[in-house]
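Working notes, beginning with the structure itself.
Keep in mind it's a predicted model, so treat the numbers as computed, not measured. Chain naming here is simple, since letters A, B, ... match the order of the sequence lines and numbering starts at 1 in each.
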2 protein chains.
Amino acid sequence: MTVVGRAGRSASNGPASQQDMRRQNLAVVLGAVAAHSPLSRADVAGRVGLTRAAVSSLVDELIGRGAVTEAAATASGRPGRPGRALALSGQGPAGLGLEIGVGHLGACVVDLRGEPRVWRREERANAGRPAGEVLAEVAALAAAAEAEAAALGLRVDGRILAVPGVVPNEPGGLVERAPNLGWRGVRLADHWPDADTVPEPENEANLGALADYWNAGQPAETFVHVSAGTGVGAALVIDGRLFRGARGFAGELGHLPVHPDGPGCACGARGCLEQYAGEAAVLREAGLAQYGPGDAVALLAERALAGHPPTLAALERAGSALGLALTSAVDLIDPDGLVLGGAYADLADWLLPAVRAELAARVTLRPWAPEALRPSALGRRGPLLGAALTTVRRIMADPTLLPAG
Amino acid sequence: MTVVGRAGRSASNGPASQQDMRRQNLAVVLGAVAAHSPLSRADVAGRVGLTRAAVSSLVDELIGRGAVTEAAATASGRPGRPGRALALSGQGPAGLGLEIGVGHLGACVVDLRGEPRVWRREERANAGRPAGEVLAEVAALAAAAEAEAAALGLRVDGRILAVPGVVPNEPGGLVERAPNLGWRGVRLADHWPDADTVPEPENEANLGALADYWNAGQPAETFVHVSAGTGVGAALVIDGRLFRGARGFAGELGHLPVHPDGPGCACGARGCLEQYAGEAAVLREAGLAQYGPGDAVALLAERALAGHPPTLAALERAGSALGLALTSAVDLIDPDGLVLGGAYADLADWLLPAVRAELAARVTLRPWAPEALRPSALGRRGPLLGAALTTVRRIMADPTLLPAG
DNA sequence: GGTGTTTGCAATGGCTCTTAACAAACTAGT
DNA sequence: ACTAGTTTGTTAAGAGCCATTGCAAACACC
């Protein structure tokens, strides 16, 4: 059973039905249980503004669908009949996340509580190999992860594949291009061995941003998540939802003109951020160009840690340019926070000072706290976790996606 | 009777009630009538996906609330009983827009169809005068406009005041500051003669952007509306709704760093867009600084039209800088369109070429059509129209705001 | 053990949409 | 002119969902 469709549609058009009402109330109750468990039915009723009778009916349905479990009665110590504690189920519904990186494959299963229960990672050089070959290996990894999850009593309800490439907004399972893998126009269904378990692709940076958001305790509802792989990109989360722009190209931070008359860029313009903060540019500036694009991040971190002056200078130059670009982002979007993810997370120690300095000097007319800029807490695990959590969040937003008991 | 509260809340939290369902379906039906009138009940049912019976009930309520009127039966020429044509009412519900500019006051009343029915404008030097004095005059103008509207059978259901200043996100009728008027922390209710007709303030640039959006035939759902007064700002409309940012500071285009090492700016940074495309900067560069900030736009347009070389050079310089800043905006937000409003609308002839050239040279990795950049169609009338239309749009989004018949 | 309190559930009612049936109003064909 | 066919709008019955009300169950406190 697969959870289909993008959840959370606001659907400002289209009529409302009683099913929609039920759907929303199921989600509201489930959300209350998730946020404040353990909680009794009466607690939920008082908190969300429904009556106990309605909550009873809703909870019964959620239990039937396997989303909520009822714990034993808890002796509260207060007078009155004790409520029966409700909590998110640690069994049954689950989300499978998959990941194809340049140098590895990953799979992970999370339960409804957001807890990772299965975690697999295999080092593998994927650049340049045929897509079908790589996808067959991912499918095998996925099957193994699902089997392991099944042994834990989990049933995978949705599958998302994180890829380092462009995934168009529309459904269809298409990876438009993934330069680092050498993919172009790959449709997952064409290469997946089992038609019932074809995952839905999504850009890894977007998933990393969402994972960071979902993982953070207090929610920064609107933030910019910068991440660097070979290119430099940003995921924009606005009001808690990923913003893709009119055509899906939002967050193209790498080609912001930071020094309009600077060095020429492959895109045809001059002085793009990538010419200062892109992987190739930093390596070149650090005098490490000959090492090629292996694990550039580890190399840079090692040199920086050793105090290698050209590397430190290159990272400071990158940080300044990044600060300039982020100044534009802050001026335009006014986010709650800025997160450095991807490769930047591992280099944050050397980048942050210059980024902070640039922001402090240039963002002066509005409240801006230096703490609003922070490295991603999840680092490299973000995309895979985000892929798995996507299904969980969809279920939380619409529990009727789960099969009825 | 006053329409209160910001319409269009998505309310992803909170339970759904049957009233909510009714509210949404009323809005859906009203929206169909607005978009495709004349329309029969059966047409509406077929179009929105409700049954004829439900639509009948909803239309009856809309007629009772004065939002919809039933025209005489139209002989269609096709077999079957002819439907009775429904259309938005041109009487009854209406929105009042008010405007305080540096050099004028304005008032306007639009009916539910969006048609301006009353339009008043008075030249008046408002800079530096006590807020109470100005507001008293606006209130008088508003009362006159409402009286004229009443004579046309219109009842004002909401009042919005466009001001050239910062209006915080929260309700409360506060104008935080309006530098060009010399206002600081003005609460409208404190100065308004009649407590029942206190308008809600809103930033004029925001209203101009929304008016342009609502006025445009085919909707660009996500766009950036740039406007210049004394400063340079942008209103961001995302998915059809104004985006204010986490703290209400989104769209601060004027201080994007376009030439990071450029001239110092009052904000403390260097090379901000305002130093190239702000009113003062353009006047200075054109050698017209001594004329002061009178009607700078008219002066510049006159000189440019006369072929005055320094003016043309200054405008080209401004256009280039604006193009740089908009490159960042396009890279980050991926909008459907860019609109030049406010003073830029009147100078578009001389600004557009440079802006276009910069965008064409720098936005290369994504689809970008030069036509996506256009001057505002409404020009200076935008803010006032937007203020009046705000109430109409709120009613369209929630017809239960209207008193029941 | 009795009293008071809180919980969860069942019965009833109200609101809203859907389904089904029907009268009204028109065209087309004879 | 008259009948048949089609479409519209309304009405009545039915279903789904939540609110209200009442009540038995389960606990603390005296």
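Nucleotide D:dC17 holds its C1' atom 11 Å from the CG atom of A:Leu26, rounded to whole Å. Taking atom CZ of residue B:Arg23 and atom C1' of nucleotide C:dC17, one finds them 17 Å apart after rounding to whole Å. Here the C1' atom of nucleotide D:dG9 and the CD1 atom of B:Ile63 are 12 Å apart, to the nearest Å. Rounded to whole Å, atom P of D:dG16 lies 12 Å from atom CE of A:Met21. Here C:dT16 presents its P atom at 16 Å from CD of A:Gln19, a figure rounded to the nearest Å. Atom CD in A:Gln24 sits roughly 14 Å away from atom C1' in D:dC18 (whole-Å rounding). At whole-Å resolution of the value, CG in A:Leu58 and P in D:dG16 are 15 Å apart. In this structure, A:Leu86 places its CG atom 12 Å from P of C:dT7, rounding to the nearest Å.
B:Asp20 and B:Ser17 share a donor-acceptor pair across their side chains, judged by distance under 3.5 Å alone.
With sequence neighbours left out, A:Glu61 forms a salt bridge (Lys or Arg N to Asp or Glu O under 4.0 Å) with A:Arg22, A:Arg65. Looking at residues two or more places apart in sequence or on another chain, you find a side chain to side chain contact (heavy atoms under 4.5 Å, CB included) between A:Pro15 and B:Asn25, B:Leu50. Evaluation of the side chain to side chain contact (heavy atoms under 4.5 Å, CB included) rule for A:Pro116 yields A:Val110, A:Trp119, A:Leu385 as partners, not counting sequence neighbours. In this view, B:Arg247 and A:Asp334, A:Asp336 satisfy the salt bridge (Lys or Arg N to Asp or Glu O under 4.0 Å) rule, not counting sequence neighbours. Scanning for side-chain hydrogen bond (donor to acceptor under 3.5 Å, both in side chains) contacts around A:Arg117 gives A:Asp111, with sequence neighbours left out. With sequence neighbours excluded, the residues that form a side chain to side chain contact (heavy atoms under 4.5 Å, CB included) with B:Leu174 are B:Pro168, B:Arg187.
Taking every side-chain heavy atom of B:Arg81 into account, D:dT8 is the closest of D:dT8, D:dG16, C:dG8. When distances run from any side-chain atom of B:Ser56 to the nucleotides D:dC18, C:dC26, D:dT10, the shortest one goes to D:dT10. Minimum atom distance to the side chain of A:Arg84 is reached by C:dC9, of the listed C:dC9, D:dA28, C:dT16.
Taking five base pairs at each end of the helix from C:dG1-D:dC30 to C:dT30-D:dA1, the local helix axes there meet at an angle of 10°, rounded to 10°.
One donor-acceptor pair, N or O on each side, does fall under 3.5 Å between the base of D:dC17 and the side chain of B:Gln18.
Of the side-chain N and O atoms in B:Arg22, one or more sit less than 4.0 angstrom from OP1 or OP2 of C:dC17. Contact between the side-chain N/O atoms of A:Asn25 and the OP1/OP2 oxygens of D:dC17 is not found at any separation under 4.0 Å.
Atom CG of A:Leu389 sits about 12.5 Å away from atom OH of A:Tyr213, to the nearest 0.5 Å.
Near DNA chain D, defined here as any heavy-atom distance below 4.0 Å, the residues from residues 33-55 of chain A are A:Leu50, A:Thr51, A:Ala53, A:Ala54, listed numerically.
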Pair up each side-chain donor or acceptor in residues 39-46 of chain B with any protein partner under 3.5 Å, not counting sequence neighbours, and list the distances.
residue, atom, partner, partner atom, Å
B:Ser40, OG, B:Ala42, N, 3.4
B:Ser40, OG, B:Asp43, N, 3.1
B:Ser40, OG, B:Asp43, OD2, 3.2
B:Arg41, NH1, B:Glu70, OE2, 2.7
B:Arg41, NH2, B:Glu70, OE2, 2.9
B:Asp43, OD2, B:Ser40, N, 3.1

